[in-house]
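Please read these numbers as outputs of a predicted model, since none were measured by experiment. Letters A, B, ... mirror the listed sequences (proteins, then strands); counts begin at 1.
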Protein chains: 2
Amino acid sequence: MSTQPAKRDARSKLLDAALSVIRTKGYSATTVDELCAAAGVTKGAFFHHFRSKEELGVAAAEYWSETTGALFAQAPYHDCADPLDRVLGYVSFRKDLLEGGVADFTCLVGTMVQETYQSTPAIRDACERSISGHAETLESDIEAAMRVRNMCPDWTPASLALHTQAVLQGAFILAKAKGGPAIAADSIDHLTRYLQLLFSPATTDPQS
Amino acid sequence: MSTQPAKRDARSKLLDAALSVIRTKGYSATTVDELCAAAGVTKGAFFHHFRSKEELGVAAAEYWSETTGALFAQAPYHDCADPLDRVLGYVSFRKDLLEGGVADFTCLVGTMVQETYQSTPAIRDACERSISGHAETLESDIEAAMRVRNMCPDWTPASLALHTQAVLQGAFILAKAKGGPAIAADSIDHLTRYLQLLFSPATTDPQS
DNA sequence: GACGACATACCGACTGGTTGGTATGTATCG
DNA sequence: CGATACATACCAACCAGTCGGTATGTCGTC
């Protein structure tokens with residue numbers, strides 16, 4: 001469904017505007033009028049394509065999943081032979097994305113879910129699907145890396161995949177607080193170090 | 001300054017209400033009327049104590065720093081002899097706090113900074129002070145743990161202290177997305193595992 | 001200890017601008 | 001012609017902030 005031949009119609013202009021405006025100001029503080037102005041369309045066009053602001057929020061989260069999904073699917077780290085190198089390559093790729101203003105590299109759904117998790121279940125669920133779906137793309141590589149090393153740890157591939165997302169989301173919060181990507185990069189370095197230690201042959205099963 | 005004899009006046013009722021309402025709905029979606037209703041005071045009282053909603057946001061962040069600061073200052077993990085045990089005890093203490101509804105254990109300033117980092121510098125700075133100030137309480141223990149082990153790694157105590165905050169903030173986002181603290185606990189377990197590996201005598205200097 | 005002057009704390013009706021949403025018109029395309 | 005894709009005008013509710021008022025100190029003076 002969707003993915004019509006990419007015409008520059010009002011709907012996709014609104015979704016593109018939503019990504020940048022909501023990442024800058026948050027969902028609640030973003031007004032429909034502002035979105036229309038940023039997209040260069042009228043309010044009539046907005047409510048033609050979306051029944052409500054909430055529906056746009058859900059659509060924006062799905063659009064985010066599509067565009068970022070495509071970005072990561074074609075990233076070079078998938079070519080590594082060792083599955084651990086693919087995981088480390090993913091993290092390194094995330095670090096490379098830390099460029100430009102804070103609003104340019106932070107995560108739409110991480111921002112939105114904070115504001116909507118209680119008030120707007122539809123948006124929260126869309127954000128949850130986006131985060132979990134993205135984390136799942138890491139699971140098979142994590143699992144393969146474990147199999148290669150005959151590891152049977154007390155953590156699951158899913159929990160480690162989600163942990164990488166937690167570190168990234170937390171790094172974005174710190175970047176927003178400090179006004180730049182420097183600390184986010186430091187935190188991603190700590191994540192890389194954790195993965196290296198976790199999969200290092202010396203310490204396959206440190207306890208139990 | 002401040003710390004008048006803790007009278008149950010309108011100001012502190014409003015600050016208490018702000019902590020719970022803003023953590024539930026976010027800063028932008030929280031209205032002044034709603035805050036007044038939750039605190040059981042009138043709008044006149046609100047604007048008597050705060051010149052604007054923004055000023056309340058700053059005061060709420062500072063109030064958050066004070067109350068959480070007191071909570072952590074009297075926590076039992078400070079009694080451990082080994083500085084690493086104090087750091088691990090802190091993380092374990094954070095895990096123990098994951099109880100009740102999501103709005104009860106998540107972080108006010110982590111939530112607020114996402115919405116205000118661009119639009120409201122005063123609130124962003126107050127959140128930054130809160131996060132960084134809290135992280136600093138970990139630095140001396142991290143530094144001591146490094147000294148005990150004669151470690152000279154390529155990361156700083158400050159960056160590790162902030163990394164713990166990134167993991168916690170990210171864990172809160174995941175908890176909000178998934179509707180419960182389970183994944184947050186998993187992520188905190190990964191953080192504990194990282195600290196143990198990082199300070200384990202076998203791997204003091206894995207590279208360079 | 002009565003009294004005036006002033007400050008603090010709070011009340012609640014009101015306001016002007018904003019916001020999400022609607023109603024209706026129109027142009028283009030198949 | 002009918003459906004899709006917009007545009008324009010409009011509205012009722014809401015929101016942050018204001019303003020005149022009251023109740024309660026509290027400090028100095030005589």
Between [X] ([atom1]) and [N] ([atom2]), how many Å, whole number?
| X | N | atom1 | atom2 | value |
| --- | --- | --- | --- | --- |
| A:Lys25 | C:dT19 | NZ | C1' | 12 Å |
| A:Arg11 | D:dA7 | CZ | C1' | 19 Å |
| B:Asp9 | D:dT24 | CG | C1' | 15 Å |
| A:His48 | C:dA23 | NE2 | C1' | 15 Å |

Mind checking whether [X] and [Y] have side chains closer than 4.5 Å, heavy atoms only?
| X | Y | result |
| --- | --- | --- |
| B:Lys25 | A:Gln118 | no |
| B:Tyr194 | A:Leu191 | no |
| B:Met146 | B:Pro157 | yes |
| B:Val58 | B:Phe50 | no |
| A:Ile142 | A:Trp155 | yes |

Between the protein and nucleotides 12-17 of chain D, are there any N/O to N/O pairs under 3.5 Å, and if so, what are the atom names and distances?
residue, atom, partner, partner atom, Å
D:dA16, OP2, B:Val32, N, 2.9
D:dA16, N7, B:Lys43, NZ, 2.8
D:dA16, N6, B:Lys43, NZ, 3.4
D:dG17, OP2, B:Lys53, N, 2.9
D:dG17, N7, B:Lys43, NZ, 3.4
D:dG17, O6, B:Lys43, NZ, 2.9

Less than 6.0 angstrom separating the ring centers of A:His78 and A:Phe93, yes or no?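 No, they do not, as the ring centres are separated by 6.0 Å or more.
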Which of the following nucleotides, C:dC11, D:dA7, C:dC10, is nearest to the side chain of A:Thr42?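 Per side-chain heavy atoms of A:Thr42, the pick is D:dA7.
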Divergence of helical axes at both termini of the helix from C:dG1-D:dC30 to C:dG30-D:dC1 - five pairs an end, 10° steps: 10°
Would you verify whether the NZ or CZ of A:Lys53 falls within 45 degrees of the ring axis of A:Tyr27 while also being under 6.0 Å from that six-membered ring's centre?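 Cation-pi check for A:Lys53 and A:Tyr27: passes.
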So, OP1 or OP2 of D:dC6: does either fall under 4.0 Å of a side-chain N or O from A:His49? yes
Short side-chain to backbone donor-acceptor contact, A:Gln165 and A:Ala135, under 3.5 Å: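 No; zero donor-acceptor contacts below 3.5 Å.
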